[in-house]
Asks: 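My questions will all concern the structure given below.
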Amino acid sequence: MEELVQKQLDCGIELGVVHVPGRHAVAMELRVLCGMADEPGELLGLARIAEETISKGTAQRDGRALSDAFDEIGAAHSSWVGREAMGFTCLCLPEFFERALNLHAEFLRTATFPQDAVQVAVDLARQELHLLEDDAQSLVEKFLARQAFGTLLGRHPLGEPETVSRVRRDDVVEFWRRFFQAGRMQAAVAGPIEPARVADLLDAAFAGFGSSLRAGRTSFPLDFSPRRTHIFKELEQEQIGICFPGVGVRSPQYPTERVLMGVLSGGMSGRLFTEVREKQGLVYWVGAWHENPRDAGMVFLGASTTPQRADRTYATLLREVDRLSDDLMQDELNRAVTGIVARTETRGDITRARCGEMADDLFHYGRPVPPAEKLSWVRAVTIEHVKRYLLEHPRTQLSVVTLGPRALEETSGR
(Lines give C-alpha, C1' and ligand atoms only; values in the text may rest on other atoms or scores of the structure.)
Protein backbone atom coordinates (compact mmCIF):
# COMPACT_ATOMS: atom_id res chain seq x y z
CA MET A 1 0.00 0.00 0.00
CA GLU A 2 1.34 3.39 -0.94
CA GLU A 3 2.01 6.10 1.64
CA LEU A 4 1.70 9.83 0.93
CA VAL A 5 3.93 12.20 2.88
CA GLN A 6 4.23 15.98 2.64
CA LYS A 7 6.88 18.01 4.41
CA GLN A 8 8.28 21.53 4.39
CA LEU A 9 12.06 21.09 4.56
CA ASP A 10 14.41 23.31 6.51
CA CYS A 11 16.25 24.25 3.31
CA GLY A 12 13.00 25.70 1.90
CA ILE A 13 11.90 22.93 -0.47
CA GLU A 14 8.29 21.75 -0.38
CA LEU A 15 8.41 17.94 -0.56
CA GLY A 16 5.87 15.29 -1.46
CA VAL A 17 6.74 11.58 -1.38
CA VAL A 18 4.75 8.60 -2.61
CA HIS A 19 6.28 5.65 -0.80
CA VAL A 20 5.46 2.56 -2.88
CA PRO A 21 7.22 -0.60 -1.64
CA GLY A 22 7.92 -3.23 -4.24
CA ARG A 23 8.66 -0.91 -7.14
CA HIS A 24 11.95 -1.38 -8.97
CA ALA A 25 12.70 2.29 -9.68
CA VAL A 26 12.55 5.70 -8.03
CA ALA A 27 11.19 8.72 -9.90
CA MET A 28 11.94 12.29 -8.92
CA GLU A 29 10.76 15.65 -10.20
CA LEU A 30 12.30 18.89 -8.98
CA ARG A 31 10.31 22.00 -9.90
CA VAL A 32 11.66 25.51 -9.76
CA LEU A 33 8.77 27.96 -9.60
CA CYS A 34 9.82 30.26 -12.40
CA GLY A 35 9.03 30.05 -16.08
CA MET A 36 8.13 31.92 -19.24
CA ALA A 37 5.93 34.38 -17.36
CA ASP A 38 9.00 35.53 -15.39
CA GLU A 39 11.03 36.48 -18.46
CA PRO A 40 11.80 40.14 -19.22
CA GLY A 41 9.57 41.22 -22.09
CA GLU A 42 12.52 42.02 -24.31
CA LEU A 43 14.11 38.58 -23.74
CA LEU A 44 11.31 36.12 -24.49
CA GLY A 45 12.74 32.62 -24.85
CA LEU A 46 15.21 33.20 -21.99
CA ALA A 47 13.66 30.59 -19.65
CA ARG A 48 14.03 27.84 -22.23
CA ILE A 49 17.63 28.82 -22.93
CA ALA A 50 18.33 28.62 -19.19
CA GLU A 51 16.62 25.23 -18.95
CA GLU A 52 18.58 23.82 -21.88
CA THR A 53 21.99 25.07 -20.77
CA ILE A 54 21.88 24.63 -16.99
CA SER A 55 23.28 21.09 -17.28
CA LYS A 56 26.00 21.93 -19.82
CA GLY A 57 28.64 22.56 -17.19
CA THR A 58 29.10 22.94 -13.43
CA ALA A 59 31.78 24.12 -11.05
CA GLN A 60 33.02 20.51 -10.85
CA ARG A 61 32.72 19.13 -14.39
CA ASP A 62 31.81 19.97 -17.96
CA GLY A 63 28.59 18.95 -19.66
CA ARG A 64 30.01 15.72 -21.09
CA ALA A 65 31.34 14.60 -17.70
CA LEU A 66 27.99 15.38 -16.09
CA SER A 67 26.17 13.35 -18.74
CA ASP A 68 28.61 10.49 -18.23
CA ALA A 69 27.94 10.60 -14.48
CA PHE A 70 24.21 10.12 -15.09
CA ASP A 71 24.90 7.32 -17.58
CA GLU A 72 27.20 5.61 -15.11
CA ILE A 73 24.25 4.99 -12.77
CA GLY A 74 21.74 4.33 -15.56
CA ALA A 75 19.63 7.35 -14.64
CA ALA A 76 17.24 8.73 -17.26
CA HIS A 77 16.82 12.46 -16.83
CA SER A 78 15.10 15.27 -18.71
CA SER A 79 13.79 18.80 -18.22
CA TRP A 80 11.02 21.09 -19.40
CA VAL A 81 9.93 24.71 -19.14
CA GLY A 82 6.38 25.93 -18.68
CA ARG A 83 4.46 29.11 -18.07
CA GLU A 84 5.05 29.26 -14.31
CA ALA A 85 7.57 26.54 -13.55
CA MET A 86 10.57 24.62 -14.78
CA GLY A 87 10.92 20.89 -14.16
CA PHE A 88 13.83 18.45 -13.87
CA THR A 89 12.86 14.78 -13.85
CA CYS A 90 14.83 11.61 -13.18
CA LEU A 91 14.23 7.86 -13.05
CA CYS A 92 16.82 5.58 -11.47
CA LEU A 93 17.35 2.45 -9.42
CA PRO A 94 16.75 2.94 -5.67
CA GLU A 95 20.40 2.30 -4.81
CA PHE A 96 21.46 5.21 -7.03
CA PHE A 97 18.88 7.75 -5.85
CA GLU A 98 21.31 9.67 -3.63
CA ARG A 99 23.85 10.01 -6.45
CA ALA A 100 21.19 11.09 -8.92
CA LEU A 101 19.87 13.68 -6.48
CA ASN A 102 23.34 15.05 -5.83
CA LEU A 103 24.00 15.37 -9.56
CA HIS A 104 20.82 17.44 -9.88
CA ALA A 105 21.86 19.59 -6.95
CA GLU A 106 25.25 20.07 -8.59
CA PHE A 107 23.94 21.55 -11.83
CA LEU A 108 21.04 23.44 -10.23
CA ARG A 109 23.34 25.08 -7.69
CA THR A 110 26.65 25.47 -9.52
CA ALA A 111 25.81 25.81 -13.21
CA THR A 112 28.43 27.68 -15.24
CA PHE A 113 26.43 28.25 -18.46
CA PRO A 114 29.31 27.99 -20.94
CA GLN A 115 29.25 30.67 -23.60
CA ASP A 116 29.32 28.19 -26.46
CA ALA A 117 26.38 26.23 -25.01
CA VAL A 118 24.29 29.38 -24.66
CA GLN A 119 25.06 30.42 -28.23
CA VAL A 120 24.15 26.97 -29.56
CA ALA A 121 20.85 27.06 -27.65
CA VAL A 122 20.04 30.51 -29.06
CA ASP A 123 20.87 29.40 -32.61
CA LEU A 124 18.74 26.26 -32.26
CA ALA A 125 15.81 28.30 -30.91
CA ARG A 126 16.00 30.60 -33.91
CA GLN A 127 16.02 27.59 -36.25
CA GLU A 128 13.02 26.07 -34.44
CA LEU A 129 11.12 29.35 -34.75
CA HIS A 130 11.82 29.30 -38.47
CA LEU A 131 10.57 25.71 -38.73
CA LEU A 132 7.50 26.62 -36.70
CA GLU A 133 6.31 28.73 -39.62
CA ASP A 134 5.76 25.49 -41.56
CA ASP A 135 3.93 23.71 -38.73
CA ALA A 136 0.38 24.94 -39.21
CA GLN A 137 -1.20 23.35 -36.13
CA SER A 138 1.57 24.47 -33.76
CA LEU A 139 1.45 27.96 -35.23
CA VAL A 140 -2.28 28.21 -34.54
CA GLU A 141 -1.73 26.99 -30.99
CA LYS A 142 0.95 29.63 -30.48
CA PHE A 143 -1.26 32.53 -31.56
CA LEU A 144 -4.31 31.13 -29.78
CA ALA A 145 -2.39 30.79 -26.50
CA ARG A 146 -1.47 34.48 -26.72
CA GLN A 147 -5.12 35.47 -27.19
CA ALA A 148 -6.33 33.04 -24.53
CA PHE A 149 -3.87 33.79 -21.74
CA GLY A 150 -2.46 37.23 -22.51
CA THR A 151 1.02 38.69 -22.75
CA LEU A 152 2.48 36.84 -19.73
CA LEU A 153 0.87 33.40 -19.57
CA GLY A 154 0.44 33.28 -23.34
CA ARG A 155 4.15 33.34 -24.14
CA HIS A 156 5.73 30.67 -26.33
CA PRO A 157 8.74 28.69 -25.03
CA LEU A 158 10.84 29.63 -28.06
CA GLY A 159 10.13 33.33 -27.66
CA GLU A 160 10.23 35.45 -30.81
CA PRO A 161 13.05 35.76 -33.37
CA GLU A 162 13.95 39.28 -32.31
CA THR A 163 13.83 38.56 -28.55
CA VAL A 164 15.65 35.23 -28.41
CA SER A 165 18.39 36.72 -30.61
CA ARG A 166 19.07 39.24 -27.82
CA VAL A 167 19.72 36.58 -25.17
CA ARG A 168 23.30 36.57 -23.92
CA ARG A 169 25.09 34.46 -21.34
CA ASP A 170 24.87 37.24 -18.76
CA ASP A 171 21.08 37.30 -19.14
CA VAL A 172 20.89 33.55 -18.50
CA VAL A 173 23.13 33.81 -15.43
CA GLU A 174 21.06 36.69 -14.06
CA PHE A 175 17.82 34.73 -14.57
CA TRP A 176 19.32 31.74 -12.75
CA ARG A 177 20.66 33.83 -9.86
CA ARG A 178 17.35 35.60 -9.40
CA PHE A 179 14.98 32.65 -9.47
CA PHE A 180 16.88 29.47 -8.63
CA GLN A 181 16.65 29.05 -4.86
CA ALA A 182 15.32 26.42 -2.47
CA GLY A 183 12.36 28.57 -1.43
CA ARG A 184 11.10 28.41 -5.01
CA MET A 185 11.42 24.64 -5.28
CA GLN A 186 9.00 21.76 -4.99
CA ALA A 187 10.15 18.14 -5.03
CA ALA A 188 8.11 15.01 -5.75
CA VAL A 189 9.51 11.51 -5.29
CA ALA A 190 7.82 8.16 -5.90
CA GLY A 191 9.12 4.65 -5.37
CA PRO A 192 10.45 2.19 -2.78
CA ILE A 193 12.31 4.75 -0.71
CA GLU A 194 11.59 5.95 2.82
CA PRO A 195 10.19 9.52 2.97
CA ALA A 196 12.42 10.40 5.93
CA ARG A 197 15.52 9.47 3.94
CA VAL A 198 14.35 11.52 0.95
CA ALA A 199 13.83 14.54 3.21
CA ASP A 200 17.28 14.18 4.79
CA LEU A 201 19.02 13.84 1.42
CA LEU A 202 17.22 16.88 -0.06
CA ASP A 203 17.93 19.01 3.00
CA ALA A 204 21.61 18.10 2.80
CA ALA A 205 21.84 18.65 -0.97
CA PHE A 206 20.11 22.04 -1.02
CA ALA A 207 21.01 23.56 2.36
CA GLY A 208 21.95 27.20 1.86
CA PHE A 209 20.73 27.32 -1.75
CA GLY A 210 19.58 30.93 -1.90
CA SER A 211 16.58 31.98 0.12
CA SER A 212 14.59 29.38 2.04
CA LEU A 213 11.51 31.61 2.11
CA ARG A 214 8.59 30.33 0.03
CA ALA A 215 8.24 32.26 -3.23
CA GLY A 216 6.81 31.84 -6.73
CA ARG A 217 3.41 30.65 -5.56
CA THR A 218 1.23 33.60 -6.58
CA SER A 219 -0.87 33.57 -9.74
CA PHE A 220 -0.07 35.54 -12.86
CA PRO A 221 -2.94 37.56 -14.36
CA LEU A 222 -4.83 35.90 -17.20
CA ASP A 223 -5.81 38.35 -19.94
CA PHE A 224 -8.38 36.66 -22.19
CA SER A 225 -8.92 38.37 -25.55
CA PRO A 226 -12.24 37.48 -27.26
CA ARG A 227 -11.62 38.08 -30.95
CA ARG A 228 -11.00 36.41 -34.29
CA THR A 229 -7.59 36.39 -35.94
CA HIS A 230 -6.79 34.97 -39.36
CA ILE A 231 -3.26 34.09 -40.46
CA PHE A 232 -3.04 33.86 -44.22
CA LYS A 233 -1.04 30.93 -45.61
CA GLU A 234 -1.35 29.32 -49.02
CA LEU A 235 -2.17 25.80 -47.80
CA GLU A 236 -4.47 23.00 -48.84
CA GLN A 237 -5.88 22.75 -45.31
CA GLU A 238 -7.47 25.27 -42.97
CA GLN A 239 -6.56 25.13 -39.28
CA ILE A 240 -9.15 26.27 -36.75
CA GLY A 241 -8.54 26.98 -33.06
CA ILE A 242 -11.24 28.11 -30.63
CA CYS A 243 -11.09 28.75 -26.91
CA PHE A 244 -13.23 30.04 -24.08
CA PRO A 245 -12.59 30.43 -20.33
CA GLY A 246 -12.87 27.33 -18.17
CA VAL A 247 -11.98 26.78 -14.52
CA GLY A 248 -8.86 26.27 -12.44
CA VAL A 249 -7.78 22.88 -11.14
CA ARG A 250 -8.90 23.71 -7.60
CA SER A 251 -12.40 24.71 -8.70
CA PRO A 252 -15.24 22.39 -7.61
CA GLN A 253 -16.22 22.35 -11.30
CA TYR A 254 -12.87 21.04 -12.51
CA PRO A 255 -13.91 17.34 -12.34
CA THR A 256 -16.93 18.27 -14.47
CA GLU A 257 -14.64 19.96 -16.98
CA ARG A 258 -12.52 16.81 -17.13
CA VAL A 259 -15.58 14.71 -17.87
CA LEU A 260 -16.72 17.24 -20.48
CA MET A 261 -13.36 16.90 -22.25
CA GLY A 262 -13.79 13.12 -22.15
CA VAL A 263 -17.25 13.32 -23.70
CA LEU A 264 -16.02 15.63 -26.46
CA SER A 265 -12.66 14.10 -27.22
CA GLY A 266 -12.16 10.91 -25.24
CA GLY A 267 -10.91 8.64 -27.99
CA MET A 268 -12.75 7.41 -31.07
CA SER A 269 -16.07 7.39 -29.19
CA GLY A 270 -15.71 11.09 -28.36
CA ARG A 271 -18.50 13.23 -29.70
CA LEU A 272 -16.30 15.47 -31.85
CA PHE A 273 -14.70 12.50 -33.59
CA THR A 274 -17.93 10.63 -34.20
CA GLU A 275 -20.12 13.60 -35.14
CA VAL A 276 -17.72 15.97 -36.91
CA ARG A 277 -15.33 13.53 -38.56
CA GLU A 278 -17.06 10.19 -38.94
CA LYS A 279 -20.66 11.22 -39.63
CA GLN A 280 -20.17 14.52 -41.45
CA GLY A 281 -16.67 14.01 -42.85
CA LEU A 282 -15.77 17.65 -42.24
CA VAL A 283 -12.27 17.32 -40.80
CA TYR A 284 -8.95 15.56 -41.08
CA TRP A 285 -8.36 16.03 -37.35
CA VAL A 286 -10.52 17.31 -34.49
CA GLY A 287 -10.05 17.54 -30.74
CA ALA A 288 -10.82 19.28 -27.47
CA TRP A 289 -8.51 19.87 -24.52
CA HIS A 290 -8.01 22.18 -21.57
CA GLU A 291 -4.99 23.95 -20.11
CA ASN A 292 -4.69 25.12 -16.54
CA PRO A 293 -2.20 27.63 -15.21
CA ARG A 294 -2.40 28.15 -11.46
CA ASP A 295 -5.94 29.25 -10.47
CA ALA A 296 -7.17 29.55 -14.08
CA GLY A 297 -8.22 27.45 -17.03
CA MET A 298 -9.09 27.56 -20.70
CA VAL A 299 -11.04 25.14 -22.90
CA PHE A 300 -9.82 24.61 -26.48
CA LEU A 301 -11.40 23.18 -29.60
CA GLY A 302 -9.33 22.49 -32.70
CA ALA A 303 -9.77 21.09 -36.18
CA SER A 304 -8.08 20.75 -39.55
CA THR A 305 -10.38 20.93 -42.58
CA THR A 306 -10.58 22.18 -46.15
CA PRO A 307 -10.93 25.93 -46.79
CA GLN A 308 -14.34 25.31 -48.35
CA ARG A 309 -15.61 23.55 -45.22
CA ALA A 310 -14.07 25.91 -42.66
CA ASP A 311 -17.23 27.90 -41.87
CA ARG A 312 -19.36 24.78 -41.51
CA THR A 313 -16.70 23.10 -39.37
CA TYR A 314 -16.42 26.12 -37.09
CA ALA A 315 -20.18 26.28 -36.56
CA THR A 316 -20.39 22.52 -36.04
CA LEU A 317 -17.69 22.49 -33.35
CA LEU A 318 -19.59 25.03 -31.31
CA ARG A 319 -22.93 23.38 -31.94
CA GLU A 320 -21.63 20.04 -30.66
CA VAL A 321 -20.56 21.67 -27.39
CA ASP A 322 -23.86 23.52 -27.00
CA ARG A 323 -25.86 20.41 -27.86
CA LEU A 324 -24.56 18.62 -24.77
CA SER A 325 -26.94 20.72 -22.70
CA ASP A 326 -29.86 19.06 -24.49
CA ASP A 327 -28.92 15.53 -25.46
CA LEU A 328 -26.01 14.26 -23.36
CA MET A 329 -26.76 10.60 -22.66
CA GLN A 330 -25.83 8.68 -19.53
CA ASP A 331 -23.84 6.12 -21.51
CA GLU A 332 -21.72 8.93 -23.02
CA LEU A 333 -20.99 10.30 -19.57
CA ASN A 334 -20.24 6.81 -18.24
CA ARG A 335 -17.75 6.18 -21.08
CA ALA A 336 -15.98 9.47 -20.36
CA VAL A 337 -15.74 8.71 -16.64
CA THR A 338 -14.53 5.16 -17.29
CA GLY A 339 -11.88 6.48 -19.68
CA ILE A 340 -10.55 8.91 -17.07
CA VAL A 341 -10.53 6.22 -14.39
CA ALA A 342 -8.81 3.69 -16.66
CA ARG A 343 -6.11 6.13 -17.77
CA THR A 344 -5.47 7.22 -14.19
CA GLU A 345 -5.26 3.71 -12.76
CA THR A 346 -3.13 2.26 -15.55
CA ARG A 347 -0.85 5.28 -15.61
CA GLY A 348 -0.62 5.07 -11.83
CA ASP A 349 1.17 1.77 -12.23
CA ILE A 350 4.10 3.64 -13.76
CA THR A 351 6.36 5.14 -11.11
CA ARG A 352 7.36 8.09 -13.28
CA ALA A 353 3.70 9.03 -13.92
CA ARG A 354 2.82 8.76 -10.24
CA CYS A 355 5.68 11.13 -9.45
CA GLY A 356 4.52 13.62 -12.07
CA GLU A 357 1.00 13.54 -10.66
CA MET A 358 2.37 14.27 -7.21
CA ALA A 359 4.34 17.22 -8.58
CA ASP A 360 1.17 18.58 -10.20
CA ASP A 361 -0.70 18.19 -6.91
CA LEU A 362 1.91 20.20 -5.03
CA PHE A 363 1.78 22.91 -7.70
CA HIS A 364 -2.01 23.23 -7.90
CA TYR A 365 -3.38 22.03 -4.55
CA GLY A 366 -0.40 22.62 -2.30
CA ARG A 367 -0.73 19.05 -1.01
CA PRO A 368 -0.55 15.47 -2.25
CA VAL A 369 -4.01 14.30 -3.29
CA PRO A 370 -4.64 10.54 -3.30
CA PRO A 371 -5.67 9.37 -6.79
CA ALA A 372 -8.73 7.69 -5.28
CA GLU A 373 -9.89 11.05 -3.93
CA LYS A 374 -9.63 12.73 -7.33
CA LEU A 375 -11.35 9.81 -9.02
CA SER A 376 -14.20 10.04 -6.50
CA TRP A 377 -14.75 13.63 -7.65
CA VAL A 378 -14.90 12.45 -11.27
CA ARG A 379 -17.25 9.56 -10.49
CA ALA A 380 -19.62 11.98 -8.76
CA VAL A 381 -20.14 14.05 -11.94
CA THR A 382 -23.70 13.84 -13.33
CA ILE A 383 -25.44 15.07 -16.46
CA GLU A 384 -26.84 17.93 -14.40
CA HIS A 385 -23.30 18.98 -13.42
CA VAL A 386 -22.33 19.14 -17.10
CA LYS A 387 -25.42 21.18 -17.97
CA ARG A 388 -24.72 23.60 -15.11
CA TYR A 389 -21.10 23.95 -16.22
CA LEU A 390 -22.15 24.79 -19.79
CA LEU A 391 -24.73 27.27 -18.52
CA GLU A 392 -22.20 29.03 -16.28
CA HIS A 393 -19.50 29.07 -18.97
CA PRO A 394 -21.35 30.25 -22.10
CA ARG A 395 -19.60 30.42 -25.46
CA THR A 396 -20.68 34.02 -25.97
CA GLN A 397 -17.10 35.34 -25.92
CA LEU A 398 -14.71 33.28 -27.99
CA SER A 399 -11.10 33.64 -28.95
CA VAL A 400 -10.54 32.22 -32.42
CA VAL A 401 -7.49 31.76 -34.64
CA THR A 402 -7.64 30.38 -38.17
CA LEU A 403 -4.73 29.69 -40.48
CA GLY A 404 -5.01 28.98 -44.19
CA PRO A 405 -6.01 30.53 -47.48
CA ARG A 406 -9.28 32.12 -46.32
CA ALA A 407 -10.77 33.71 -43.22
CA LEU A 408 -14.07 32.64 -41.70
CA GLU A 409 -17.19 34.44 -42.82
CA GLU A 410 -18.27 37.09 -40.31
CA THR A 411 -21.64 35.39 -39.97
CA SER A 412 -20.32 31.88 -39.33
CA GLY A 413 -20.92 30.52 -35.85
CA ARG A 414 -21.23 33.36 -33.37
Side-chain angles (χ1 to χ4, degrees), residues 1-6 14 16-20 27 29 31 82-85 186 188 190 217 219 222 243-267 269-272 287-301 321 324-325 328-395:
M1 180 179 295
E2 70 176 38
E3 174 189 8
L4 295 178
V5 174
Q6 180 183 14
E14 185 181 1
V17 181
V18 189
H19 179 220
V20 195
E29 180 166 331
R31 287 195 185 182
R83 295 182 174 96
E84 302 162 285
Q186 295 175 326
R217 290 162 173 81
S219 303
L222 185 149
C243 69
F244 58 90
V247 299
V249 169
R250 291 188 295 179
S251 167
Q253 288 190 315
Y254 181 69
T256 302
E257 188 175 281
R258 290 185 69 189
V259 173
L260 176 64
M261 293 300 99
V263 171
L264 289 172
S265 196
S269 63
R271 183 170 288 208
L272 293 183
W289 66 97
H290 55 169
E291 297 180 17
N292 303 91
R294 185 186 280 113
D295 298 326
M298 199 68 59
V299 175
F300 294 85
L301 308 172
V321 178
L324 291 173
S325 296
L328 176 61
M329 304 298 291
Q330 187 64 46
D331 63 340
E332 282 187 287
L333 186 138
N334 291 344
R335 277 199 302 270
V337 170
T338 299
I340 293 170
V341 171
R343 286 191 296 274
T344 300
E345 292 189 343
T346 55
R347 191 174 64 236
D349 284 337
I350 303 172
T351 307
R352 192 199 305 257
R354 191 67 187 87
C355 177
E357 185 177 6
M358 165 77 78
D360 287 340
D361 288 346
L362 291 177
F363 181 80
H364 287 290
Y365 296 103
R367 69 179 179 94
V369 183
E373 182 178 348
K374 284 185 280 190
L375 289 181
S376 71
W377 303 339
V378 170
R379 288 189 173 105
V381 173
T382 66
I383 290 177
E384 288 305 313
H385 287 126
V386 175
K387 290 182 177 181
R388 188 180 310 128
Y389 176 96
L390 292 169
L391 179 65
E392 295 177 4
H393 298 83
R395 277 70 58 211

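What you are looking at is a predicted structure, and each value in this text was computed from that prediction instead of being measured.
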Asks: Any salt bridge linking Asp360 with Lys374? Criterion: basic side-chain nitrogen under 4.0 Å from a carboxylate oxygen.
Replies: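 No, Asp360 and Lys374 are not salt-bridged.
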
Asks: According to side chain to side chain contact (heavy atoms under 4.5 Å, CB included), who are the partners of Ser325, at least two apart in sequence or on a separate chain?
Replies: Leu390

Asks: My understanding is that only residues two or more places apart in sequence, or in another chain, count here; which of them pass side chain to side chain contact (heavy atoms under 4.5 Å, CB included) with Ala288?
Replies: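 Partners of Ala288 by the side chain to side chain contact (heavy atoms under 4.5 Å, CB included) criterion, ordered by chain and then number, come out as Met261, Leu264, Ser265, Leu272, Leu301.
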
Asks: Can you list everything that forms a salt bridge (Lys or Arg N to Asp or Glu O under 4.0 Å) with Arg271? Sequence neighbours excluded, please.
Replies: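 Expected list: Asp327, Glu332.
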
Asks: Asn292 side chain to Met298 main-chain N or O, any donor-acceptor pair under 3.5 Å?
Replies: no

Asks: Less than 4.5 Å apart, side chain to side chain, heavy atoms only: is that true for Glu3 and Val18?
Replies: no

Asks: Is the NZ or CZ atom of Arg294 positioned over Phe363's six-membered ring, under 6.0 angstrom from the centre and within 45° of the axis?
Replies: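 Verdict for Phe363: a cation-pi partner in Arg294.
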
Asks: State the CZ-OG distance between Arg335 and Ser269, to the nearest 0.5 angstrom.
Replies: 5.0 Å

Asks: If only side-chain N and O atoms count, and only distance matters, is there a donor-acceptor pair under 3.5 Å linking Glu392 with Gln253?
Replies: yes

Asks: Shortest non-hydrogen contact from Cys355 to Ala188?
Replies: SG-O, 3.2 Å

Asks: Show me the side-chain donor-acceptor pairs of residues 381-388 shorter than 3.5 Å, one per line, residues at least two apart or across chains.
Replies:
from	atom 1	to	atom 2	distance (Å)
Thr382	OG1	Glu384	N	3.3
Thr382	OG1	His385	N	3.2
Thr382	OG1	His385	ND1	3.0
His385	ND1	Thr382	N	2.9

Asks: Considering residues at least two apart in sequence or located in another chain, which fulfil the ring-ring contact (aromatic ring centres under 6.0 Å, His included) criterion with His290?
Replies: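 Testing His290 for ring-ring contact (aromatic ring centres under 6.0 Å, His included), a comparison that skips the adjacent residues, returns Tyr254.
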
Asks: Identify, with sequence neighbours excluded, every residue that meets side-chain hydrogen bond (donor to acceptor under 3.5 Å, both in side chains) alongside Tyr389.
Replies: Glu257

Asks: At what distance, to the nearest 0.5 angstrom, does CG of Leu375 lie from OG1 of Thr344?
Replies: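 Result: 5.0 Å between the selected atoms.
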
Asks: Checking Phe244 now: which residues fulfil side chain to side chain contact (heavy atoms under 4.5 Å, CB included) with it, not counting sequence neighbours?
Replies: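 Applying side chain to side chain contact (heavy atoms under 4.5 Å, CB included) to Phe244 gives Val299, Arg395, Leu398.
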
Asks: What residues, two or more places apart in sequence or in another chain, satisfy salt bridge (Lys or Arg N to Asp or Glu O under 4.0 Å) together with Glu373?
Replies: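 Salt bridge (Lys or Arg N to Asp or Glu O under 4.0 Å) list for Glu373, sorted by chain: Arg367.
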
Asks: Please examine the side chains of His393 and Pro245, heavy atoms only from C-beta on, and report whether any two atoms are closer than 4.5 Å.
Replies: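 Not touching, per the 4.5 Å side-chain cut-off.
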
Asks: Looking at residues at least two apart in the chain, or sitting in another chain, which of them share a salt bridge (Lys or Arg N to Asp or Glu O under 4.0 Å) with Glu14?
Replies: Arg214, Arg217

Asks: List the atom of Leu333, the atom of Val263, and the distance in Å for their closest heavy-atom pair.
Replies: CA-CG2, 4.3 Å

Asks: Taking all non-hydrogen atoms of both residues, which atom of Gly356 and which atom of Glu29 are closest, and how far apart?
Replies: CA-OE1, 3.9 Å

Asks: Could I get the full list of side chain to side chain contact (heavy atoms under 4.5 Å, CB included) partners for Pro368, not counting sequence neighbours?
Replies: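 With neighbours one apart ignored, the set is Leu4, Gln6, Met358, Leu362.
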
Asks: State, with a plain yes or no, whether a side-chain heavy atom of Leu260 is found less than 4.5 Å away from one of Thr256.
Replies: no

Asks: Please identify each residue that fulfils side-chain hydrogen bond (donor to acceptor under 3.5 Å, both in side chains) with Glu291, with sequence neighbours left out.
Replies: Arg83, Trp289

Asks: Please check: side-chain N/O of Asp361 versus main-chain N/O of Val369, any donor-acceptor pairing under 3.5 Å?
Replies: yes

Asks: Could you work out, with salt bridge (Lys or Arg N to Asp or Glu O under 4.0 Å) as the rule, every residue matching Arg258, not counting sequence neighbours?
Replies: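 Not a single residue meets the salt bridge (Lys or Arg N to Asp or Glu O under 4.0 Å) criterion with Arg258.
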
